[in-house]
Amino acid sequence: MDERYDPAAVERSAREAWQAANAFAADESAPGEKYYCLSMFPYPSGRLHMGHVRNYTIGDVLARFMRMQGRNVLQPMGWDAFGLPAENAAMANGVPPARWTRENIAYMKGQLQSLGLAIDWRRELATCDPQYYRWNQWLFLRMLEKGIAYKKTGTVNWDPVDQTVLANEQVIDGRGWRTGALVEKREIPMYYFGITKYADALRAALDDLPGWPERVRTMQANWIGRSEGVELDFPFADDTRTLLGNDGALRVFTTRADTLFGVTYVAVAAEHPVALAAARGDAQLAAFVDECKRGSTMEADVATQEKRGMPTGRHVRHPLTGLQLPVWVANYVLMGYGEGAVMAVPAHDERDFEFAQKYSLPVRTVVGSASGAYDAVTAPWQEIYEHPGVLVDSQQFTGLTSAAAVDAIATALADQGLGKKRVQYRLRDWGISRQRYWGCPIPIIHCARCGDVPVPDKDLPVRLPENLVPDGSGNPLAKTPSFYQCKCPTCGGDARRETDTMDTFVDSSWYFLRFACADNEGAMVDERANYWLQVDQYIGGIEHAILHLLYARFWTRVMHDMGMVKTPEPFANLLTQGMVLNHIFHRTPANGRRQYFNPADVDLVIDPVTRASQATLRSDGSPVTYEGLGTMSKSRNNGVDPNLLTEKYGADTARLFMMFTAPPEQSLEWSDDGVLGANRFLRRLWKAVYEHVVAGAGQAQESTSAAALSGISGGDRELRRIAHQTLAKVEDDIGRRRVFNTAVAAVMELLNAVGRHTGQEPAARAVRQEALEIAVLCLSPIVPHVTHALWQELGQTQPLWRSLWRKADPAALVQDLIEVVVQVNGKLRGRISVPPGAPDEELRAAALAEESVRKYLEGQPPRKVIVVRGKLVNVVV
RNA sequence: GCGAAAGUGGCGAAACUGGUAGACGCGCAAGCCUUAGGAGCUUGUGGGGCAACCCGUGAGAGUUCGAGUCUCUCCUUUCGCACCA
């Protein structure tokens, strides 16, 4: 055995052994209960970052641990390979996105492999493979048939200079990111998935996901946003009905039907038909409506805008009082929610109040607090009262509580056919059309005679040409006749192929199903998906808490309803790992842009008393500004390249650092010293095994069976107890609690105990042999390479990756005497040693006999004595 | 604004069920060793005090024999959502 721990050699040989044995190939017919362990697949951006390393290490620890528990484990890996960055890189380098993407995949696969992940690479897939995305297209067509997918106009960000659609992240301060031109909103036809039909099912099923973090479930529930209310009609009081050509009423949705008698105006969104109709005869209004359409479609931007509006000149009648009310266009009303129109109650709604104040609209108070603290009758008009309460000035509903009034008013409206109770969701249908090149083509053909014709299944996949280079102006597919020119499948005439591609969230909504049967060319999924699904453990970043996870749940449910998979929910357990943080340093030169410096080049000193920080750039000795901790990112130059880390110390050190420094859900602070510490521990582990092995060289190996070790005593017995305690603790920490830092700490303690243990007689050697085996076994999911080597050095014939976890020997855990704490008035005053099963009376007597206790009793009997068996005795004096 | 989570040594953290606060590691200090290394080993390390002891988990109150843990009020930080009618 080498005296020195050489990570490069150790890791190479371990990986070769795994590869030669095809050690992590997952087989449906293998024994053991299945365990599907999945980390979110990466976007092939070019290189792995530390967030990936953390994500995949967590998954690998669980996958390897479960293997050792006898489970039949599947851990696959793939590539979320479509998307905008490839197009940007293509523009910058003049290389087709396909080539850029595939080169990145090849490089990053090498990086992943050097981390030693126990992955079944035979199942690898990339979403840009036609054999993958053909099934996107296929299911899209099935959804179209079922009416789950449909076409309607939607609003997009339009760059008038580049003549192209922009993603939200390409709009900066309302301007196009490349041209700086003011972005416009544009209505274009798009395809949608009817996820709102599933809103209630998706929301209700959140309660059946106990393995998901509470906060993710809350975020999803809020996103779906269920609210119960009343939809009601305000009949038009003028000729608007003929103008619109509809049944003659303005429909609104409200959750506060109890405030109906406080309505003083009705407000509609700029895109509302009433607004558009009114604008036709009113140039000023038309200009305002037009202005509202400009600007970003981002809701967060909309939210910060000042409230503005204009009267339409149109009027409606109050459904119950018949009073005439003006209709306003208001920029705070969203076309996409409810009916795109609201009944405005300035007295009881802050937004309506603000608007009414600005435009001098009347305020009518109709609810007061039940306690009388807020007197609705005498309340000044400058105040609003948003809480529920008791109704005033509301005809026959006066005196009812808000809750009762909602029901009574809804009934009254329903009787007249003017309204009914309804549930409204915040969630909107999922628009999947993207006017982009590098994505999955939407399989539709537009024919002048036959309309929008689905591509027949036999013609799938609609292949994306891979040789195009986008130039930033519009979608290259729309400029490639060989792609868009086609024949109509129905009439055979000349037709035009849809050039929009699908949102990349579609690609990632079902990849976990395809891993189960990635080689099946004849079907999207097969029975193997039912074997592996649900994913037993899904691991990924919190940034996917809403969209990806919700879309994946929706897609799985659609496939479930079509009878393609048995489970409606894809992920049984979810672990959201924390971010990887590092320090951020910058300088702002007088003339130029802020310049960021890598923390590796900066010395940081923080005064422990004043908290003042002093950061100095090493190269020039001058100060830089310290911004604090933040997520590792290219733009702030505070990333650490995983390659440098693995080249210097090896993958095991990187993995150990990640697992030891913080629990998986918490953010993790980068620390060079911490990495060094992890490496030091592995060297100590190596040395401990080395010294043990060398000292015993040439001797027969002592038996470490429980029977052989039953007669040991003293230090031997103590070490054996610690070893078996560690075994139990690590199993619990990894298997149940999902905390790895305390598992590592426990093994560190075990190794410290091994260091204190001496003796070369057979019994001592056997105990130490067993303790080292347990240490190596416990660490093996976390640092698989070095433990693979040490396991062999400890004389094991079965390779570690084939070995099973050991159960702690109950006999080893038994202690002759245990320490019990003695408190006086809850303060620690002493300790006594007693047999584990000692009765309360004995504990009480022993505690009272303690010198430290008698001192406080001063000859008096204690007021009270509390005995917690096996833990403590508290004497109250 | 709404919602959620979190505040513990010089630092990362531990304390899972109300029961010894600070395990484990980093850093630091002293000493030892040496093939002088990004090495290794030993010891110490919450604050105060010679000591007995006292004080200590963001602040303040409460429940309890006993509170980092439970309750209330407040402060701070982080994250998410954000004109959702």
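Below, each value reflects all heavy atoms present in this structure, side chains not excepted, and no hydrogens, waters or symmetry copies.
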*Look at the side chain of A:Arg215 against the base of B:C79 and say whether a donor-acceptor pair falls under 3.5 Å; ignore hydrogens and angles.*
no

*Along RNA chain B (nearest heavy atom to each residue), the more 5'-positioned of A:Val739 and A:Ile542*: A:Val739

_Heavy atoms from C-beta onward define the side chain here; which of B:C65, B:C26, B:A85 lies closest to that of A:Ile866?_
B:C65

*Can A:Lys307 be said to sit on top of A:Tyr332's aromatic six-ring, NZ or CZ under 6.0 Å from centre and within 45° of the ring axis?*
yes

_Tell me if a side-chain donor or acceptor on A:Thr312 pairs with a main-chain N or O of A:Val327 at a distance below 3.5 Å._
yes

*State, yes or no, whether a side-chain contact exists between A:Thr653 and A:Pro7 at a heavy-atom distance under 4.5 Å.*
no

*Between B:G80, B:A85, B:C53, which nucleotide has the shortest distance from any of its atoms to the side chain of A:Thr254?*
B:A85

*What does B:A14 pair with, Watson-Crick or G-U, if both distances are under 3.5 Å?*
none

*Tell me whether the OP1 or OP2 atom of B:A85 has a side-chain N or O from A:Ser227 closer than 4.0 Å.*
yes

*asked:* Given B:C24, B:G27, B:G38, identify the nucleotide with an atom nearest to the side chain of A:Asp673.
replied: B:G27

_Toward the 5' end of RNA chain B, by each residue's nearest nucleotide, A:Arg683 or A:Phe253_ = A:Arg683

_Does A:Arg351 contact B:C84 through a side-chain donor or acceptor facing the base, at a distance under 3.5 Å?_
no

*Between B:A67 and B:U20, how far is it from one P atom to the other, in whole Å?*
11 Å

*With both distances kept under 3.5 Å, what pairs with B:U77, Watson-Crick or G-U wobble?*
B:A5

*Report the base-pairing partner of B:A23 (Watson-Crick or G-U wobble, both distances below 3.5 angstrom), or none.*
none

*Does B:G9 fall in syn (glycosidic angle within 90° of 0) or anti?*
syn

*For A:Val876, which contact category applies under a 4.0 Å heavy-atom criterion: base, sugar-phosphate, or nothing?*
sugar-phosphate

*asked:* Distance criterion of 3.5 Å, no angle test: do you see the side chain of A:Asn874 paired donor-to-acceptor with the base of B:C65?
replied: yes

*If we call it a pair only when both distances are under 3.5 Å in a Watson-Crick or G-U wobble match, what pairs with B:A61?*
B:U71

*Could you give the distance separating B:C11 and B:G22 at their C1' atoms, to the nearest angstrom?*
13 Å

*Please confirm whether any donor atom in the side chain of A:Lys827 sits under 3.5 Å from an acceptor in the base of B:G66, or the reverse.*
no

*Please determine if a side-chain N or O atom of A:Arg680 lies less than 4.0 Å away from the OP1 or OP2 oxygen of B:C26.*
yes

*Report the C-alpha distance between A:Asp2 and A:Arg4 in whole Å, list the side-chain angles of each, state the deciding distance to 0.1 Å, and finish with yes or no for salt bridge (Lys or Arg N to Asp or Glu O under 4.0 Å).*
CA-CA 5 Å; A:Asp2 279 343; A:Arg4 212 172 61 85; over 6 Å; no

*If we ignore angles and hydrogens, is there a donor and acceptor under 3.5 Å between the side chains of A:Arg829 and A:Tyr856?*
yes

